[in-house]
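Input: a single structure, listed below in structure tokens.
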Amino acid sequence: MTSLWIDTDMGFDDLAAVLAVAGTPGWSVAGLSLVAGNAPLPVVIDNALRSAAYFGWRFPIHSGAAGPLVGELATAQSVLGDDAMCSAGRSLPRERSTLTSEDAVSALADWLRAAAAPATVLALGPLTNIALLLRRYPELAPRIGELMWMGGSAGPGNHTAAAEFNAFVDPESINEVLAAGLPLAMVGLDTCRQVRVDKADADALRAIGTERGLLLGDLLEGYVRIAGADARSSMALYDPTAAAALLAPESVRFTPAHVVAECRGEHTRGMTVVEWRVPRKAAANARVATVADANAVRSAVLGALSVTARS
Ligand code: RIB
Ligand code: CA
């Protein structure tokens with residue numbers, strides 16, 4: 001059984017990624033650390049605890065950073081709705097599980113220390129918690145065997161023309177993670193955009209006919225509607241594509257590159273500048289996703305959601 005830690009700002013695509021890990025044989029979730037991003041931290045906590053109660057999660061959930069290392073929090077609520085869980089119908093029931101602690105950094109540090117070998121962390125939001133861990137416990141950097149991150153872009157942004165949302169919220173944290181030498185595997189927008197989901201995928205979940213299938217179908221359709229309300233709209237699959245890179249390693253290809261986050265640009269703050277010409281132009285400091293096998297990613301993710309809907 002491979003157990004991994006997930007750091008998340010708990011929007012729907014984060015939820016789908018957590019369910020994909022929890023629903024894939026041979027994989028388990030060791031714990032969640034929550035970070036502000038899609039919504040302010042109280043909303044992220046609410047989404048996580050309502051998900052935990054509804055899906056019966058037994059792993060610990062710890063709240064972490066309420067804002068970025070520098071500046072004010074920018075959220076995606078204007079796109080995702082106040083609860084960052086836009087739905088075409090049903091919403092998570094209000095019943096909540098309980099937070100294990102409000103100190104995600106200490107919890108992640110304890111898990112890393114106890115791990116038998118350098119461990120894998122799946123990061124699905126701004127990297128604030130990870131940067132704070134490295135500031136507080138720099139000796140633990142070698143205990144992270146891989147940091148798989150949905151964030152950044154080797155092409156256009158989504159939150160701004162230049163910046164992907166997770167990177168935009170906290171670009172300083174990206175540079176601190178890179179400076180610590182963490183083995184970052186960056187799954188950016190350009191790769192995630194190769195994997196699409198649409199209303200037919202939501203209909204397939206609802207067709208399972210269970211309460212969970214109906215809810216997941218409505219949440220997935222709410223996510224698809226971000227791209228447009230037209231029935232033919234399709235939406236890029238963000239966080240679950242990063243999860244699939246771990247669950248089905250052949251589904252996403254990576255290339256070594258040099259990455260740095262722009263922190264000062266008036267129009268480019270949060271841009272992840274990817275230099276592919278390594279080592280000639282710069283030393284590689286990350287693996288950057290280049291190609292996704294859309295069918296393999298969709299099969300891994302939607303298959304796990306279907307298993308969850310039937311359980
Ligand atoms: O840009 C997409 C990323 O921003 C995803 O992680 C989504 O959940 C939001 O956090
Ligand atoms: Ca996210």
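Basis for what follows: all heavy atoms, side chains included, without hydrogens, waters or symmetry-related copies. Whatever order the structure lists ligands and atoms in, that order sets their numbers, starting from 1.
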Checklist entry - Passes side chain to side chain donor-acceptor pair (under 3.5 Å), Asp7 versus Ser33? Steps please. => result CA-CA 5 Å; Asp7 189 76; Ser33 45; 2.5 Å; yes
Which residue holds the protein heavy atom closest to [atom], what is that atom called, and what is the gap in Å?
atom: atom 9 (C) of ligand 1; answer: Asn38 OD1, 3.1 Å
atom: atom 6 (O) of ligand 1; answer: Asp239 OD1, 2.6 Å
atom: atom 1 (O) of ligand 1; answer: Glu164 OE2, 2.6 Å

Locate the shortest heavy-atom distance separating [X] from [Y]; write the atom from each residue and the value.
X: Ala52; Y: Ile61; value: CB-CD1, 3.6 Å
X: Val105; Y: Leu132; value: CG2-CB, 3.9 Å
X: Leu124; Y: Ala17; value: CD1-CB, 3.7 Å

Checklist entry - Hey, is Asp13 touching ligand 1 through its side chain, its backbone, both or neither, going by heavy atoms under 4.0 Å? => result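 Answer for Asp13: side chain.
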List every atom of ligand 1 that sits less than 4.0 Å from any heavy atom of [X], numbering the atoms from 1 in the order shown and giving each element.
X: Asn166; result: 3 (C), 4 (O), 5 (C), 6 (O), 9 (C), 10 (O)
X: Met150; result: 2 (C), 3 (C), 5 (C), 6 (O)
X: Asp14; result: 8 (O)

Item to check | Polar proximity ligand 1 side, Leu124 side, N/O cut 3.5 Å exclusive | outcome: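 Between Leu124 and ligand 1, an N or O pair is found under 3.5 Å apart.
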Checklist entry - Less than 3.5 Å between some nitrogen or oxygen of Tyr238 and one of ligand 1, yes or no? => result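 So ligand 1 has no N or O lying under 3.5 Å from an N or O of Tyr238.
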Item to check | Backbone N/O of Asn295 and side chain of Ser299: donor-acceptor pair under 3.5 Å | outcome: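 Not confirmed, Ser299 side chain does not pair with Asn295 backbone.
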Next on the checklist: So does Thr8 get a backbone contact from the side chain of Asp14, meaning a donor-acceptor N/O pair under 3.5 Å?
Outcome noted: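 The answer is no, because no donor-acceptor pair under 3.5 Å joins these two groups.
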Checklist entry - What N/O/S atom of Asp239 gets nearest to the Ca ion (ligand 2)? => result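 That would be atom OD2.
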Next on the checklist: Suppose we only count N/O/S atoms under 3.0 Å; would Asp9 qualify as near the Ca ion (ligand 2)?
Outcome noted: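 Yes, within the cut-off.
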Checklist entry - Can you tell me if Leu124 has an N, O or S atom under 3.0 Å away from the Ca ion (ligand 2)? => result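 True for Leu124.
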Next on the checklist: Assess, by modelled atom type and distance only, whether the side chains of Arg212 and Thr308 contain a donor and an acceptor separated by less than 3.5 Å.
Outcome noted: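 There is no such pair between these side chains.
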Checklist entry - Is the NZ or CZ atom of Arg113 both under 6.0 Å from the centre of the six-membered ring of Tyr137 and within 45° of that ring's axis? => result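 Satisfied, under 6.0 Å and within 45°.
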